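Shown next, in structure tokens, is the structure this report addresses.
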Amino acid sequence: MEGAKKIRSALLSVHDKEGIVSLAQTLYKAGVSLFATGGTYARLIQEKLPVKDLESLTGYPPLFGGRVKTLHPKIFGGILYRRGNPEDEKELKKHEISSFDLVVVNLYPFQEAAQTEGIDEEELCEYIDIGGSALLRAAAKNYMDLCVLSSPHQYAAFSQLFDEQGGRVSQTQRRSYAVSAFTLTSSYDESIVQGLSPSVSLRYGENPHQRASFYGDLSSLLELHQGSPLSYNNLLDIEAGIELLSEWREEDPTVVIIKHNNPCGIAQGGSFREAFQKAYACDSLSAFGGIIMYNGMLSREEIGVLDGLFYEGLVAPSFTPESLSYLKGKNRRIIQKHRNPTRKIKRRTILDGKLEQGIDFPTRSFEDMELVCGSPTQKISEDLYFAYKIVKHVRSNGIVLVRGGDFLSAGMGHTSRIEALEFAIQKAEKNSSDLRGSVMASDGFFPFSDCIERAHEVGITAVIQPGGSKNDKLSIQACRRYGMSMVFSHRRHFKH
């Protein structure tokens, strides 16, 4: 094995004792010298395993109620010194430092403690692991020379390869364990930041039985002028609206209505009053209980059109004093958006880890896209681009229909693209929209020509899609057959 290292000594210091006895027995049977701290030492002694307390190396007992146990040169020296480096080997011998080939550590459960009802800050801080995190980072940094285990879930597989490889661990395997250790310490530090940061307790999560909090400086983003506190779902909808509104210039009056993270209305107009009326007409039924968002200052005259409507929240960058006075006492959330979020990374927790991705910005200019068939007019091209900017913000599979600058309908979150189109058509027809001369945008390519054929049946004249299917030619041929235009954006916009 490339770069394999023999394990002769191990340092064990774990909060979660699951599996530690079995691992220690495997190591002991192979002749590995065992060293352990506090509770881990006591647990292994209980099992009659010959293990040495770290006090025997450092000459110090645990200090300050156990806050300082492993933070000592004789411990970290034995981890961090460079094997084979003459100067390091000389210092190791001079200071009588014992070498460690394996470090096994897991951390105090800070995240679980932070979620404990009623825990105070002083008690919570006692769950911040200092020595354990330092040991993991030191061992992971020096993975060229030693191995680190950071979770009980690794013990069984490690024990098997340890036996199969005669007590040796390859460099590739050590690197993999090091990455796991750094992943843990990174996530652990992030949980501490969240746990100690100012947080806003939300009424509940997606459902009343789920607890929820917001971590971060919410007040610098949003100001609640009146109404009940913002909920988890309110914040999700507001974020969706902010992202969608950012597709249009601030100087063009634009209104979006968001429901369950999806747009059910969006329009531009010569005034906010006109933009709202057009956005509301897109789907007045779905707009009930939605979040209404504007991209500019709202005056008393412009918000009068909202009288009698039920909405979860009204969001704008600013309000005139007259508009705030008029809205006072109407039992609606009035929210001022001070600024757009500045983050460039989206994160979400998943399984026992997290996912990160860049934000899906910026939108490509229409001129950078490829016209693969047809000759759309200027107005049709504008409709295609309008639809394209909307479809990237609906749930996949997504289809958006637009005509004459008006958002007609969307099919979103469907498991097939033809179903998404059928839903969009039915929605538009239910709202008495005339689809003749409309355009269609898709967030993904068309694997078959069925969507083009169905679009032609209802009068759709142009299509914008990413392209990239091995069957692109079938869709292009269908468009040519029906005299439709098709544009490839060459950029997919799935949103899950």
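The structure displayed is predicted, hence computed values, not measured ones.
In this structure a side-chain-to-backbone donor-acceptor pair under 3.5 Å is present from R174 to Y143. Using a distance-only test at 3.5 Å, with no hydrogens or angles considered, no donor-acceptor pair links the side chain of Q171 to the main chain of M144. Not a single donor-acceptor pair under 3.5 Å links the side chain of S186 to the backbone N or O of T183. Remark: the backbone N or O of T254 is paired with a side-chain donor or acceptor of N295 at under 3.5 angstrom. The backbone N or O of E243 lies less than 3.5 Å from a partner atom in the side chain of S246, making a donor-acceptor pair. Here the side chain of K278 pairs a donor or acceptor atom with the backbone of Q268 at under 3.5 angstrom. Between the side chain of S381 and the main chain of T377, a donor-acceptor pair closer than 3.5 Å is present. For the pair K427 (side chain) and S409 (backbone), a donor-acceptor distance under 3.5 Å is absent. The backbone N or O of G444 lies less than 3.5 Å from a partner atom in the side chain of S442, making a donor-acceptor pair. With hydrogens and angles disregarded, a donor-acceptor distance shorter than 3.5 Å links the side chain of D129 to the backbone of Y108.
Between F310 and F288, the two ring planes are tilted [angle within 30° to 60°]. In this structure, H490 and F488 have perpendicular ring planes: the angle between them is above 60°, well past the 30° mark. Between H496 and F494, the ring planes are perpendicular. Angles over 60° get that label, and only those under 30° would be called parallel.
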*Decide yes or no on side chain to side chain contact (heavy atoms under 4.5 Å, CB included) for Y127 and H15, but give the supporting numbers first.*
CA-CA 11 Å; Y127 283 90; H15 178 272; 5.7 Å; no

*With side chain to side chain contact (heavy atoms under 4.5 Å, CB included) as the test, would you mind laying out the steps for Y155 and E18 before giving the verdict?*
CA-CA 10 Å; Y155 299 168; E18 179 186 352; over 6 Å; no

*asked:* Could you go through F386 and V439, starting from their C-alpha distance and side-chain angles, then the distance that decides it, and tell me whether this counts as side chain to side chain contact (heavy atoms under 4.5 Å, CB included)?
replied: CA-CA 10 Å; F386 187 72; V439 306; over 6 Å; no

*asked:* Is there a side chain to side chain contact (heavy atoms under 4.5 Å, CB included) between L327 and H225? Walk through the geometry before answering.
replied: CA-CA 10 Å; L327 290 165; H225 282 285; over 6 Å; no

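Judged purely by distance below 3.5 Å, without hydrogens or angles, the side chains of Q173 and S170 pair a donor atom with an acceptor atom. Side-chain contact, S220 with R339: a donor N or O sits under 3.5 Å from an acceptor N or O. Side-chain contact, S219 with D217: a donor N or O sits under 3.5 Å from an acceptor N or O. Side-chain contact, N261 with R395: a donor N or O sits under 3.5 Å from an acceptor N or O. In summary, the side chains of E247 and H393 do present a donor paired with an acceptor at a separation below 3.5 Å, with no hydrogens or angles considered.
Annotation for K379: atom NZ does not count as buried by contact number, only 12 or fewer foreign heavy atoms lying within 6.0 Å. Within a 6.0 Å sphere centred on OH of Y188, heavy atoms belonging to other residues, nucleotides or ligands number more than 12. The local environment of CG in D307 is crowded, with over 12 non-hydrogen atoms from other residues, nucleotides or ligands closer than 6.0 Å. Other residues, nucleotides and ligands contribute at most 12 non-hydrogen atoms within 6.0 Å of the OH atom of Y232. Heavy-atom contacts from other residues, nucleotides or ligands closer than 6.0 Å to CZ of F448 number 12 or fewer. Surrounding NE2 of H414 are more than 12 heavy atoms belonging to other residues, nucleotides or ligands, all under 6.0 Å away. In Q336, the CD atom is crowded: over 12 heavy atoms of neighbouring residues, nucleotides or ligands sit closer than 6.0 Å. Within a 6.0 Å sphere centred on CD of E121, other residues, nucleotides and ligands contribute 12 heavy atoms or fewer.
Side-chain contact check for I257 versus F276: some heavy-atom pair is nearer than 4.5 Å. Side-chain contact between N106 and P152 is present, with heavy atoms from C-beta onward closer than 4.5 Å. Using a 4.5 Å cut-off on side-chain heavy atoms (C-beta onward), H493 and K495 make no contact. Residues V103 and C147 form no side-chain contact, since every pair of their non-hydrogen atoms from C-beta on lies 4.5 Å or further apart. Y326 has its side chain out of reach of E322: every pair of non-hydrogen atoms, C-beta onward, lies at least 4.5 Å apart. C282 places none of its side-chain heavy atoms less than 4.5 Å from the side chain of D406. For the pair V148 and V105, the minimum side-chain heavy-atom distance is 4.5 Å or more. Two residues are said to be in side-chain contact when any heavy atoms from C-beta on lie closer than 4.5 Å; F158 and V169 meet this criterion.
Remark: E302 does not engage R273 in a salt bridge, criterion side-chain N to carboxylate O under 4.0 Å. Checked for salt-bridge contact, K5 and D145 meet the test: a charged N lies under 4.0 Å from a carboxylate O.
For G437 against I380, the heavy-atom pair with the smallest separation is O-CD1, 3.8 Å. Across all their heavy atoms, A478 and I452 have their closest contact at CB-CG2, 3.7 Å. Across all their heavy atoms, L421 and I460 have their closest contact at CD1-CD1, 4.5 Å. Pairing each heavy atom of A267 with each of A275, the nearest pair is CB-O, 3.5 Å. Pairing each heavy atom of C264 with each of D283, the nearest pair is O-CB, 3.4 Å. Pairing each heavy atom of D443 with each of S396, the nearest pair is OD2-OG, 2.7 Å.
Note that the OG1 atom of T116 and the CD atom of Q111 stand 11.0 Å from one another [nearest 0.5 Å]. Taken to the nearest 0.5 Å, the OG atom of S231 stands 7.5 Å off from the CG atom of L202. Atoms CD and CZ, on E301 and F272 in that order, are 13.0 Å from each other to the nearest 0.5 Å. For the atom pair L244 CG and E239 CD, the distance stands at 12.5 Å (nearest 0.5 Å). We find the CG-OG distance between L135 and S150 to be 12.5 Å, quoted to the nearest 0.5 Å. One distance of note links CD1 of I334 with CG of L314; it measures 4.5 Å at 0.5 Å rounding.
Counting only residues at least two apart or on different chains, the salt bridge (charged side-chain N to carboxylate O under 4.0 Å, His left out) pairs with a member in residues 309-319 are E312-R333. Every pair passing side chain to side chain donor-acceptor pair (under 3.5 Å) that includes a residue from residues 457-482 is listed here, sequence neighbours excluded: R454-E457.
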